[in-house]
Structure formats: structure tokens, C-alpha cells
Amino acid sequence: GLASATWEDIEELKEELMIKTKLWTTKAQWIQSSTTWVTAAYDEIDIDEVMKQMNGYRKTCQQCEYSLPENKVVPQLKQEVNDFYLTIPVLGNIRNPALRERHWENIHEIIGFDIPNTEEELTLGQLMDRDIKRFADDLDEISSTATNETSLERMLDKLSKIWKKLEFEVLPYKEKKNVYIIGSVDD
């Protein structure tokens, strides 16, 4: 006959079955989600939602990597998830509303192709096919610069509006011709 299993054996099999079920469920969800994302226009993807789901996939990959070290599906899924994960910050950078024409020219020069405006649709998959994540550092720098420039422009605009309202008293300086100083500055 068959050897009887111990309670510990049954619990171990139950845990293994649960983690394998989780792995295959995650793999199926990953295929569905990633297929949807790569076919979507890059500027229509909800980055926050994608990151939330990506963190869940990464967590499951870590759990499976620990619990199923011999499973060949785990490293494959982990690689796919991590490759995709590295692309998402780049997506945020090229969707930065602070980017101006000068920034876009710089981006196009660095990546070697134009990212079209709204007339043409560019999918996330097309960006990934061109391995846009390899430009992540450069694109992050351009995006950060654009954000900082926009912030400075706003500050200068506010300062300019304040200064337009102010009136300064200008006084001649000593007895020198065409040399003036600001008089009383009460405010």
C-alpha cells in the first residue's frame, strides 16, 4: 500500500501548493496587466496605479524566490517585472508637465528619436522596445531641471508682480551728477 503522510508533510504540501497557486495567479495577472500597459498610449497610463500593482508583483516574486528556489518560472517573472519596473520612472519623467520645447529637443537628441505630440500615439511598448530605460539618468536630470526651472519662473513672476506695486524714493547721491541712491524703504 501507500505510505501514510504525517501531519507535517500535509502542512508542508499545503504551504507549497498555496505559494505555487499564488505564483501562477500572479503570472496570469502579470500577463494581463503588462499586455494592457504595453499597448496603451504612454501618456494615458495611470502611473500611480501601475506602481501599486508593480509593488505587489515584486513582493510576490520575492516570496516565491524564497519559498520556491528551484522553480524556473520565478526568475523569469522576476526579470520581466523588474525590467518593467525600471521603465515606470522614465515614463513619469517624460510626462512631466514642466517640460518645455528646449527640454524636448534635448530629450530627442539623447534618446535618438522623437516622442510625438498628441497627433501620433506612442505606446509604452514602443518605448520599451527602444529600451528607453537606458536613458533613465539623463531623462531624470532633464525632468528635474525642468521642474526646478518652472519653480524659479513662478518665483520670479511673483517677485516681479510685487516689485511692480512698489514705489521707491530715489535721491541724488552726495553731489555727484547722475548717481542716485534709494531713499527711505519703510516696507
Side-chain angles (χ1 to χ4, degrees), residues 29-30 32-59 61-62 80-187:
Q29 290 170 342
W30 166 252
Q32 182 181 8
S33 295
S34 62
T35 301
T36 300
W37 295 330
V38 298
T39 58
Y42 83 94
D43 55 349
E44 294 176 5
I45 294 173
D46 183 346
I47 294 175
D48 293 332
E49 181 59 32
V50 171
M51 285 303 286
K52 181 178 166 186
Q53 289 184 37
M54 292 298 299
N55 287 332
Y57 294 134
R58 293 177 80 213
K59 182 178 178 183
C61 286
Q62 273 186 319
E80 290 174 16
V81 169
N82 284 337
D83 284 348
F84 202 99
Y85 185 80
L86 294 173
T87 305
I88 301 307
V90 173
L91 192 60
N93 286 330
I94 62 173
R95 288 176 45 182
N96 183 345
L99 293 172
R100 303 284 185 261
E101 187 60 36
R102 64 184 178 274
H103 304 117
W104 280 110
E105 288 170 7
N106 197 1
I107 288 171
H108 295 153
E109 183 179 320
I110 288 170
I111 64 175
F113 63 94
D114 288 354
I115 295 177
N117 294 334
T118 54
E119 302 89 45
E120 280 183 63
E121 189 174 279
L122 183 66
T123 66
L124 177 57
Q126 291 169 320
L127 291 173
M128 291 178 75
D129 289 345
R130 294 180 178 191
D131 197 22
I132 195 155
K133 73 177 183 280
R134 68 188 154 127
F135 306 107
D137 291 340
D138 292 329
L139 296 175
D140 185 54
E141 186 177 329
I142 293 168
S143 179
S144 295
T145 298
T147 299
N148 291 337
E149 287 173 357
T150 299
S151 177
L152 285 172
E153 288 168 1
R154 287 185 185 136
M155 288 173 33
L156 284 172
D157 188 45
K158 284 181 185 177
L159 187 62
S160 177
K161 288 177 182 175
I162 291 171
W163 280 63
K164 283 182 181 180
K165 295 177 186 175
L166 294 178
E167 290 185 23
F168 294 101
E169 180 183 2
V170 180
L171 304 170
Y173 181 69
K174 297 189 180 178
E175 292 184 21
K176 297 191 177 202
K177 188 175 183 181
N178 294 330
V179 179
Y180 301 94
I181 60 171
I182 296 177
S184 170
V185 275
D186 295 331
D187 291 325

Show the nearest heavy-atom pair for residues Met54 and Tyr85, with the distance to one decimal. CE-N, 3.5 Å

Between CD1 on residue Ile107 and CD1 on residue Ile132, distance to nearest 0.5 Å: 8.0 Å

Could you go through Phe84 and Leu124, starting from their C-alpha distance and side-chain angles, then the distance that decides it, and tell me whether this counts as side-chain contact (heavy atoms from CB on, under 4.5 Å)? CA-CA 10 Å; Phe84 202 99; Leu124 177 57; 3.5 Å; yes

Side chain to side chain donor-acceptor pair (under 3.5 Å) against Tyr42, all qualifying residues, sequence neighbours excluded: none

How would you list all residue pairs meeting salt bridge (charged side-chain N to carboxylate O under 4.0 Å, His left out) that involve residues 133-147, not counting sequence neighbours? Asp131-Lys133, Asp131-Arg134

Just do the side-chain contact (heavy atoms from CB on, under 4.5 Å) check on Leu91 and Thr87 with the steps written out, would you? CA-CA 6 Å; Leu91 192 60; Thr87 305; 5.6 Å; no

Non-neighbouring partners of Glu105 that pass salt bridge (Lys or Arg N to Asp or Glu O under 4.0 Å), sequence neighbours left out: none

Show me the donor-acceptor pairs, under 3.5 Å and distance only, between side chains in residues 44-52 and residues at least two apart or in other chains.
| residue | atom | partner | partner atom | Å |
| --- | --- | --- | --- | --- |
| Asp46 | OD1 | Asp48 | N | 3.3 |
| Asp46 | OD1 | Glu49 | N | 3.3 |
| Glu49 | OE2 | Gln53 | NE2 | 3.0 |

Mind listing the side-chain donor-acceptor pairs of residues 171-178 below 3.5 Å, one per line with the distance, residues two or more places apart or on another chain?
none

What closest approach, in Å, do Val38 and Met128 show between heavy atoms, and which atom pair accounts for it? CG1-SD, 4.0 Å

Results of side chain to side chain contact (heavy atoms under 4.5 Å, CB included) for Gln62 - residues two or more places apart only: none

Indicate every side-chain donor-acceptor pair of residues 150-170 with a distance under 3.5 Å to a residue at least two apart or in another chain.
| residue | atom | partner | partner atom | Å |
| --- | --- | --- | --- | --- |
| Thr150 | OG1 | Ala146 | O | 2.9 |
| Asp157 | OD2 | Lys161 | NZ | 3.4 |

What closest approach, in Å, do Ile94 and Leu127 show between heavy atoms, and which atom pair accounts for it? CD1-CD1, 3.7 Å

Of all residues at least two apart in sequence or in a different chain, which pass the side chain to side chain donor-acceptor pair (under 3.5 Å) check with Ser34? none

Thr39 side chain to Thr35 main-chain N or O, any donor-acceptor pair under 3.5 Å? yes

Go through the structure and list residues passing side chain to side chain donor-acceptor pair (under 3.5 Å) with Thr147, not counting sequence neighbours. Asn96

Pairing residues for Arg130 by the side chain to side chain contact (heavy atoms under 4.5 Å, CB included) criterion, not counting sequence neighbours: Phe113

Could you check whether any side-chain heavy atom of Phe135 comes within less than 4.5 Å of a side-chain heavy atom of Val90, counting everything from C-beta outward? no

Tell me, please, which residues at least two apart from Glu149 pass side chain to side chain contact (heavy atoms under 4.5 Å, CB included). Arg102, His103, Thr145

What residues, two or more places apart in sequence or in another chain, satisfy side chain to side chain donor-acceptor pair (under 3.5 Å) together with Arg100? none

